[in-house]
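Side-chain atoms are counted along with the backbone in the values below, which use heavy atoms only and exclude waters and symmetry mates.
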Amino acid sequence: MKTKNILTLALLAGLTLPAMSQTAEDKTGNGFIDREIEIGLDNNMTRGESTQSVSVITNDRVNRRSAKNVGTSILGQGNGLVSLDGAGTTFVANPTFYVRGLQTLNSNTKPLILVDGIERDITFVSADEVESVQILKDAAATALYGYKGANGAISITTRRGEYNSRSVRFNYDHVMNFQIDRPKFVDSYDYATAMNQALVADGQPERYSSDALKAFRDGSFPYQYPDVNWVDRTFRNKGIMNKYLAEMQGGGRKVRYFTLMNLISDNGFIGNSGENAGYSTQDKYVRGNLRVNLDIDLSPKTLLKVNLLGMLSEVSQPGKQADLWSMIYSVPSLAFPVKDETGAWGGNSIWSGTSNPVAQSTAAGYCKLHERALFADMTLRHRFSSGLGLSVRLGYDTYAALCEDHSKSYEYGMTTAQNVPWVDGRPVLNERFTGGFRTEMSTDAGNRDYRRRFVADAGLNYDRTFGRHNVYAQLKYSYEYANTTGINTTVYRQNAGFFGHYAYAGRYIVDLSLSYQGSSRLARGAQWAFSPVVSAAWVVSNEDFLKGSQWLNHLKIRASYGILNADYLPGMTGCDPSTGVWIYDRQCYSTPASEYYFVDPTANQEL
C-alpha cells in the first residue's frame, strides 16, 4: 500500500477579455464561476463554491476534431492534464494521460477515468456524447474515490435531455488521413557502402565488391542486388475515415432524453490490401455506439436517471497481427526483392521471408477482433423538504473480445549471388534458396479478453442555507466488484466516506473529506486505510474592497492537505489487476516476476 501526503497551494484568478469572449455569460465571468464541478458528490458545487483543484473542458472544445473517441479529442487541453498521443493503427493509437505529471517512476501513474461517475474505458466514448470533461487534480478533488484516486482523475459527463424541447441532428464527416512524416531509410548502395566502411574499420574485409555496389546503384540485377523502398511498397500515403451520427435530444414536463447513434469506419494505409479474392488485408477499424440517457421525474422531489451505452467494434489486421513497421525498421533495402524472378515472395537464409512486410501485408491472410460492451447504470435521488437527500446507484458494465485468426503461411525464396568476382559482367549465382511453406487460411477463434464491473452505492446528504451560512454534508457507502481475464484477477473494494462543506457569505470556505476504504488486493491486516483531506478557500473577490471591480471577476486563494492511499502492488503494470494480486491461500503478493510472502510459505494457513 502506498500513502501520499499532498499539500497544495493555489492561486486562481479569472479575468475577462471581451475580445476573446464567445457568449454573454463569458463576458461577465459567470460561465467560469457558475460552472458545476463533479467530485463524487450527490449535489454538485460550482467553481465559486469549491475548494478543489478542478479544470473543465466544455463540450464546445471537446468536439472540435473528427477523432475516434473523446480521449483523442482532448489532447492538449485541460490545465494540469499531460496528454501524449498514441502511435500505430487507429485501433491501438490511444492517448496516455497524466494529471500534474508523473506521480512515480514506476508504471502506476495512470489517472482514474470516470464516465458518469463510474470507472470506464475512455476509448469507447465518442466526443459527440460528452457534455464536459473535468480534470480532478488534488487530494481534495479525488478524496471520495478511495484507493483509485491517488493519481488524479478525469471525469467525463455525458449529455442529457432538456425540459420541453426537441431536437434532431444528423452529421457526416469524411476524413482524409495522411502519413506526413514517414521515416526515410538509406538505399541499398548507401547501406552497402556504409557496411563496407564499418567492416574495414573493424579490420575485416569488405562484404560488397565494386561490381555489387554498381549493381545496387544502377539496378542491373534487381533480383540478386535489390533496392527496395519498403515504406512505399508496403503503405499508401492516404487513409480514409467516415463518421456518421444521428442524435435526438429533448424532453417534456417529466421525462428528458438524449439518444445517440454513431458509426466510425476507418480504412488504413496498407497499399496492397486488395490483391486477394474474397477478402481484404487492410487495417480496418469499425465501431458503432448507441447511447440512451434518461431523466425521469417520478415526483416533484424524486428523480430517476438511467444511462445506457452499447458498443460494437470490429478490427481487421493483416497476417496474425503483423507488426509491419518493426519489419520495415529491421529489414534493409538490399535484403531481398519483394518477389524473385519466379514470382515467389522474397526471403533468404539471412533475412527470413517472414519479415517481408509486403508479403505479410498481402499474402499472410488476416485476423479480426470483435469487441462487445454494455455500460449501464441507474441512479435514484429523493429530496426531502428538510434539506435532507437520499441517493442510490447501481451500475453494471461488461466487455468481451473475440479474436478470429484467418492467417496463413507462404513460400519464399530467392537466388543469391556468390561473393566472388563476376564472370563476363555477370554475378555467379548460388542455388536458389527456398523457405517457408504454403498453408490454408486458419479458422481458429477464441475469447481474447473479458471485463466485468458491478458498482453499488448509497448516500445521505444535507444541504441548507441559514442566512449567510451554507452547509452541505454527505455520508456515502460504495461497493465495487471487478473481474478481468486471467487468474486471481477479481478485486473487491469498499469505501465509506464523509464530506462536509461550510461557506460563510461566499467568502470563506472549508471542506473536510474523510474516507475509510478497503481492497481485496491488499494483505490481511492492511486491507483498510483511512484518508483524511481538508481544504479551505478565501474568495478575495467577494470582499467589500473588491466587489464591483471592473477588472477582476474572480480571485480565490485556496489550500488543501490530504493523505491518499493506493492499493497498487509491487510489479503491477498500469494498475492492471492481472499483473499483481494477493493470493489468500498462500498469503503472498503474486506478480509475473516473483512472489512476496508475508508468512512462512511452507506452513498451513488459516483462511
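Scanning all heavy atoms of the two residues, the minimum distance from Thr302 to His382 falls at OG1-ND1, 2.6 Å. Between Asp121 and Arg451 the shortest heavy-atom distance is OD2-NH2, 3.5 Å. Minimum interatomic distance between Tyr399 and Ala401 (heavy atoms only, all atoms of both residues): OH-CB, 3.5 Å. The nearest pair of heavy atoms linking Pro111 to Phe97 is CD-O, 3.1 Å.
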Determine all donor-acceptor pairs shorter than 3.5 Å in which one atom belongs to a side chain in residues 495-504; sequence neighbours excluded.
{"residue": "Asn495", "atom": "OD1", "partner": "Ser515", "partner atom": "OG", "Å": "2.6"}
{"residue": "Asn495", "atom": "ND2", "partner": "Leu144", "partner atom": "O", "Å": "3.1"}
{"residue": "His501", "atom": "ND1", "partner": "Asp511", "partner atom": "OD1", "Å": "2.6"}
{"residue": "Tyr502", "atom": "OH", "partner": "His469", "partner atom": "ND1", "Å": "2.5"}

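Legend: residues meeting ring-ring contact (aromatic ring centres under 6.0 Å, His included) with Phe545, ordered by chain and number and at least two apart, are absent. By the salt bridge (charged side-chain N to carboxylate O under 4.0 Å, His left out) test, Glu38 is found to be paired with no residue, residues two or more places apart in sequence or in another chain being considered. Residues satisfying the side-chain contact (heavy atoms from CB on, under 4.5 Å) test with Ser385, not counting sequence neighbours, are Lys301. Judged as a side-chain contact (heavy atoms from CB on, under 4.5 Å), and not counting sequence neighbours, the contacts of Arg393 are Ile118, Thr379, Asp457. Residues passing the side-chain contact (heavy atoms from CB on, under 4.5 Å) test with Phe454, sequence neighbours excluded: Leu394, Tyr396, Ala456, Tyr479, Tyr481.
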* To do: Run the numbers on Leu380 and Leu298 for side-chain contact (heavy atoms from CB on, under 4.5 Å), then give the verdict.
  => CA-CA 10 Å; Leu380 181 66; Leu298 301 180; 3.9 Å; yes
* **Asp42/Lys476 under salt bridge (Lys or Arg N to Asp or Glu O under 4.0 Å): CA gap, chis, key distance, verdict** => CA-CA 9 Å; Asp42 292 333; Lys476 196 169 191 177; 3.4 Å; yes
* To do: Give the intermediate values and the outcome of side-chain contact (heavy atoms from CB on, under 4.5 Å) for residues Thr46 and Ile33.
  => CA-CA 7 Å; Thr46 66; Ile33 301 169; 5.7 Å; no
* **Worked check of side-chain contact (heavy atoms from CB on, under 4.5 Å) between Ser167 and Glu162** => CA-CA 10 Å; Ser167 66; Glu162 299 177 355; over 6 Å; no
* **Residues Leu245, Leu260; criterion side-chain contact (heavy atoms from CB on, under 4.5 Å); working and verdict** => CA-CA 7 Å; Leu245 169 72; Leu260 174 143; 3.4 Å; yes
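No side-chain heavy atom of Ser535 sits less than 4.5 Å from a side-chain heavy atom of Arg558. Looking at Gln494 and Tyr477, their side chains come closer than 4.5 Å, going by heavy atoms from C-beta outward. Between Thr158 and Val115, some side-chain heavy-atom pair lies under the 4.5 Å cut-off. Using a 4.5 Å heavy-atom cutoff, the side chains of Met241 and Ile264 are in contact. Residues Trp538 and Tyr508 have side chains in contact (heavy-atom distance under 4.5 Å, counting atoms from C-beta outward). The shortest side-chain heavy-atom distance between Leu312 and Arg372 falls under the 4.5 Å cut-off. The shortest side-chain heavy-atom distance between Asn43 and Gln474 does not fall under the 4.5 Å cut-off. Asn151 places none of its side-chain heavy atoms less than 4.5 Å from the side chain of Lys110.
Rounding to the nearest 0.5 Å gives a distance of 6.0 Å between CG of Leu552 and OG of Ser541. Between the CD atom of Gln134 and the CD1 atom of Ile156 there is a distance of 10.5 Å, given to the nearest 0.5 Å.
Of the possible polar contacts, none joining the Asn289 side chain to the Val125 backbone as a donor-acceptor pair under 3.5 Å is found. Under the 3.5 Å distance criterion, the side-chain polar atoms of Ser165 are left unmatched by any main-chain donor or acceptor of Gly250. In this structure a side-chain-to-backbone donor-acceptor pair under 3.5 Å is missing from Glu129 to Arg291. Between the Thr259 side chain and the Glu247 main chain, no donor and acceptor come within less than 3.5 Å of each other. No donor-acceptor pair under 3.5 Å is formed between the side chain of Glu371 and the backbone N or O of Ser313. Glu480 places no side-chain N or O within 3.5 Å of a backbone atom of Val455 that could act as its donor or acceptor partner. Distance alone, capped at 3.5 Å, places no donor-acceptor pair between the Ser73 side chain and the Ala67 backbone.
Donor-acceptor pairing under 3.5 Å is recorded for the side chains of Asp173 and Asn171. Side chains of Ser519 and Asp567: a donor on one and an acceptor on the other come within 3.5 Å. Side-chain atoms of Asn262 and Ser126 include a donor-acceptor pair closer than 3.5 Å.
The neighbour count for Arg507 CZ, taken as heavy atoms of other residues, nucleotides or ligands under 6.0 Å away, is above 12. Annotation for Arg166: atom CZ does not count as buried by contact number, only 12 or fewer foreign heavy atoms lying within 6.0 Å.
Exactly one residue among Leu308, Val306, Asn307, Leu309 makes a side chain to side chain contact (heavy atoms under 4.5 Å, CB included) with Asp377. That residue is Asn307.
Asp116 and Lys305 are not joined by a salt bridge, as no carboxylate oxygen comes within less than 4.0 angstrom of a charged side-chain nitrogen. A salt bridge is absent between Asp138 and Arg100; no separation between the charged side-chain nitrogens and carboxylate oxygens falls under 4.0 Å. One finds a salt bridge joining Arg120 and Asp397 here, because a Lys/Arg side-chain nitrogen approaches an Asp/Glu carboxylate oxygen to under 4.0 Å.
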